[in-house]
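Scroll down for the structure; my scribbles are underneath it.
Everything quoted here is computed from the prediction, not taken from an experiment.
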Amino acid sequence: MNVRELTPDDLTAAWTLGRHAFGSDPTPPPHATTTPPGLTRYGAFDPTGQLLGKAVDLHHDQWWNDRPVSAADVAGVAVTPAARGRGIARALLTNLLRGAHDRGAAVSALFPTTTAPYRACGWEVAGALRTLDLPTAALPRHRPNPHLTVRDGGPADLPAITNLYETVTRHRHGLLTRRGPLFDHPTDTLPTDGLTLVEHDDHLVGYATWNRGRGYGPDAVLTVDNVLATTADAARELISTLATWASVTPTLRLTLLDGDALTAHLPIEATREHHRDTWMHRPVDVTRAVTQRGWPTHARGTVTFTLHDHLADWNTGTWRLDVADGAAELHRTTTDTPLHLTVRGFAQLYTGTTNAETLRHTGLLHTTTADPRPLDLLAAGGPAQLHDYF
């Protein structure tokens, strides 16, 4: 088996493999047989040159406490039926990690169709992207705020909504920065059906992007891809505007950021989960993962641990983590330590998914001492979240 980057001559076969795996439309989109900037495609081939499997490294950045962390987010992993169960996916992911490490990536996230093969390669479940349904009629209506302007947006407003998204998300953990070539859009069209803006003194303070869907009967749905605000007044204004859709779209479908301005004013008790997409995380390079991100300014301390990563051997070893003044460093050391952490355990602590004591119960942290809590330093900052499916 030979694993290498795909060439333009391989892309038709790769698209066909993906169509069979994921049941996509039989007509390939225009980008399927081109190589856009911002990603690397890998393929596994048998000795005759037949494509057996594929995987894509998306060159993203993730926000971690006001700092962008370079990511190799994984998508489109597929193996032809006759070759499944023969280590093809593992070989692809091993090469993808090595290539991502060589290009400077620090962390990796993915949305699995099944978790077992990714756990075997060091990724671990860190959260879920939840799509919620809410009866449009349940939305509260507020008096129009005379200090705010609500208007329809257009392509010229895209830079402003990008800036507002960054204002809302950059202090959180794990969210994509939406920077770079994968997020470049034509400047003369909107990527959604509609854009609703809320402004204060010509300054954007809230927006919603939406897709209308079809029909206006009891099954009609307004899908809100993004709804973000930087003030409580803007959040209430957006909610009131969305409420006006009740006569033609009885259901509002949306994803929310935990604890944001919108969530504080929505009838959350009326929501029902429409879909859940589990996501997983792992370090590509632990030193970069630690040093590139921001850390809570109140977090301070030192902990030494041994890390085991059988797929990315550059991460394996004994490390000393030093955290102070909103930053951290990771250094190799020969100091003996009773704390032995798997790479999956590192991923769960790094993303704030759990704490060290609970992690010990799962078998992802082994220790000969009674107190594993010093490793909670690695989990400082709270849980991570993803808001974009890829």
Side-chain angles (χ1 to χ4, degrees), residues 1-7 10-11 13-15 17-18 20-22 35 38-46 50-62 69-127 174 176 182 277-289 307-316 341-348 350-351 353 364 386 389-390:
M1 180 174 53
N2 174 36
V3 178
R4 58 169 173 80
E5 290 187 27
L6 297 182
T7 69
D10 303 318
L11 296 184
W15 177 84
L17 175 57
H20 291 162
F22 304 114
T35 304
L39 59 82
T40 306
R41 294 185 171 111
Y42 291 89
F45 298 83
D46 72 8
Q50 179 182 354
L51 182 68
L52 303 177
K54 70 180 188 70
V56 182
D57 168 11
L58 302 171
H59 304 183
H60 287 157
D61 287 327
Q62 300 174 2
V69 175
S70 56
D73 291 336
V74 180
V77 180
V79 177
T80 188
R84 291 172 187 164
R86 301 183 183 181
I88 304 297
R90 184 184 183 89
L92 283 164
L93 293 170
T94 300
N95 279 266
L96 186 150
L97 279 174
R98 187 177 298 114
H101 179 260
D102 290 347
R103 70 171 180 81
V107 297
S108 175
L110 58 83
F111 288 93
T113 55
T114 179
T115 58
Y118 298 104
R119 279 178 164 152
C121 293
W123 279 265
E124 185 49 73
V125 173
L176 302 190
L182 291 174
D277 291 296
T278 298
W279 59 273
M280 306 178 79
H281 208 267
R282 86 155 357 254
V284 174
D285 183 287
V286 291
T287 58
R288 296 172 191 155
L307 182 67
H308 304 275
D309 189 344
H310 56 276
L311 217 64
D313 57 5
W314 53 85
N315 290 329
T316 295
L341 189 61
T342 67
V343 66
R344 290 165 57 199
F346 182 100
Q348 287 210 307
Y350 186 89
T351 55
T353 308
L364 300 180
L386 274 176
Y389 185 85
F390 47 81

Checklist entry - When you look at Val69 and Asp61, which way does the side-chain contact (heavy atoms from CB on, under 4.5 Å) test go after all the steps? => result CA-CA 5 Å; Val69 175; Asp61 287 327; over 6 Å; no
Next on the checklist: Could you go through Val343 and His308, starting from their C-alpha distance and side-chain angles, then the distance that decides it, and tell me whether this counts as side-chain contact (heavy atoms from CB on, under 4.5 Å)?
Outcome noted: CA-CA 6 Å; Val343 66; His308 304 275; over 6 Å; no
Checklist entry - After noting the C-alpha distance and the side-chain angles of Phe346 and Val286, does the key distance pass the side-chain contact (heavy atoms from CB on, under 4.5 Å) rule? => result CA-CA 9 Å; Phe346 182 100; Val286 291; 3.9 Å; yes
Checklist entry - Between Phe45 and Arg4, is a side-chain contact (heavy atoms from CB on, under 4.5 Å) present by the stated rule, with each step listed? => result CA-CA 8 Å; Phe45 298 83; Arg4 58 169 173 80; 3.4 Å; yes
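Between Val77 and Phe22 the shortest heavy-atom distance is O-CZ, 3.3 Å. When all heavy atoms of Pro112 and Thr278 are compared, the pair lying nearest together is CD-O, 3.0 Å. In this structure, Leu6 and Ala14 approach most closely via the heavy-atom pair CD1-CB, 3.7 Å. Considering every non-hydrogen atom in both Ala126 and Thr351, the closest pair reads CB-OG1, 3.6 Å. Nearest heavy-atom pair across Gly87 and Met1 is O-CE, 4.4 Å. Nearest heavy atoms, Ala289 versus Tyr350: O-OH, 2.6 Å.
Interatomic distance, Leu96 CG to Arg41 CZ, rounded to the nearest 0.5 Å: 13.0 Å. Taking OG1 of Thr342 as the start and CG of Leu364 as the end, the distance is 4.0 Å to the nearest 0.5 Å. In this structure, CD in Gln62 is found 6.5 Å from CG in Leu386, a value given to the nearest 0.5 Å. Separation of atoms OH (Tyr42) and CG (Leu92) is listed at 10.5 Å; rounding is to 0.5 Å. Interatomic distance, Leu52 CG to Ile88 CD1, rounded to the nearest 0.5 Å: 5.0 Å. Taken from CH2 in Trp123 to CZ in Arg344, the straight-line distance is 12.5 Å, to the nearest 0.5 Å.
For the pair Leu307 and Thr316, the minimum side-chain heavy-atom distance is 4.5 Å or more. Counting heavy atoms from C-beta outward, Met280 and Thr115 have side chains that approach closer than 4.5 Å. Counting heavy atoms from C-beta on, the side chains of Val284 and Val107 never come closer than 4.5 Å. Contact of the Thr80 side chain with the Leu17 side chain is registered, since non-hydrogen atoms from C-beta on lie closer than 4.5 Å. Considering only heavy atoms from C-beta on, Leu176 comes within 4.5 Å of Asp73 through its side chain.
His59 places no side-chain N or O within 3.5 Å of a backbone atom of Ala100 that could act as its donor or acceptor partner. Remark: the backbone N or O of Gly76 is paired with a side-chain donor or acceptor of Lys54 at under 3.5 angstrom. No side-chain donor-acceptor contact under 3.5 Å links Arg90 to the backbone of Arg86. A donor-acceptor pair is defined here as one N or O able to donate and one able to accept, closer than 3.5 Å; such a pair exists between the side chain of Ser108 and the backbone of Ala72. Judged by distance alone, the side chain of Ser70 and the main-chain N or O of Ala106 form a donor-acceptor pair under 3.5 Å. Put simply, the side chain of Arg84 gets close to the backbone of Val79: a donor and an acceptor are under 3.5 Å apart. A donor-acceptor pair under 3.5 Å is absent between the side-chain atoms of Trp314 and the main chain of His101, judged by distance alone. At distances below 3.5 Å, at least one donor-acceptor pair connects side-chain atoms of Gln348 with backbone N or O atoms of Val125.
With 3.5 Å as the limit, one finds a donor-acceptor pair spanning the side chains of Thr7 and Asp10.
For Arg98, the salt bridge (Lys or Arg N to Asp or Glu O under 4.0 Å) test picks out no residue, with sequence neighbours left out. Residues passing the side-chain hydrogen bond (donor to acceptor under 3.5 Å, both in side chains) test with Asp309 are Arg282, Asn315, sequence neighbours excluded. Under the rule for a ring pair (Phe, Tyr, Trp, His ring centres under 6.0 Å), the partners of Phe390 that lie at least two apart in sequence or sit in another chain are His60, Phe111.
Taking the six-membered ring where tryptophan is involved, the planes of Trp279 and His281 are perpendicular, since the angle between them exceeds 60° and thus also 30°.
A side chain to side chain contact (heavy atoms under 4.5 Å, CB included) with Asp57 is found for one member of Thr40, Leu97, Val74 and no other, namely Thr40.
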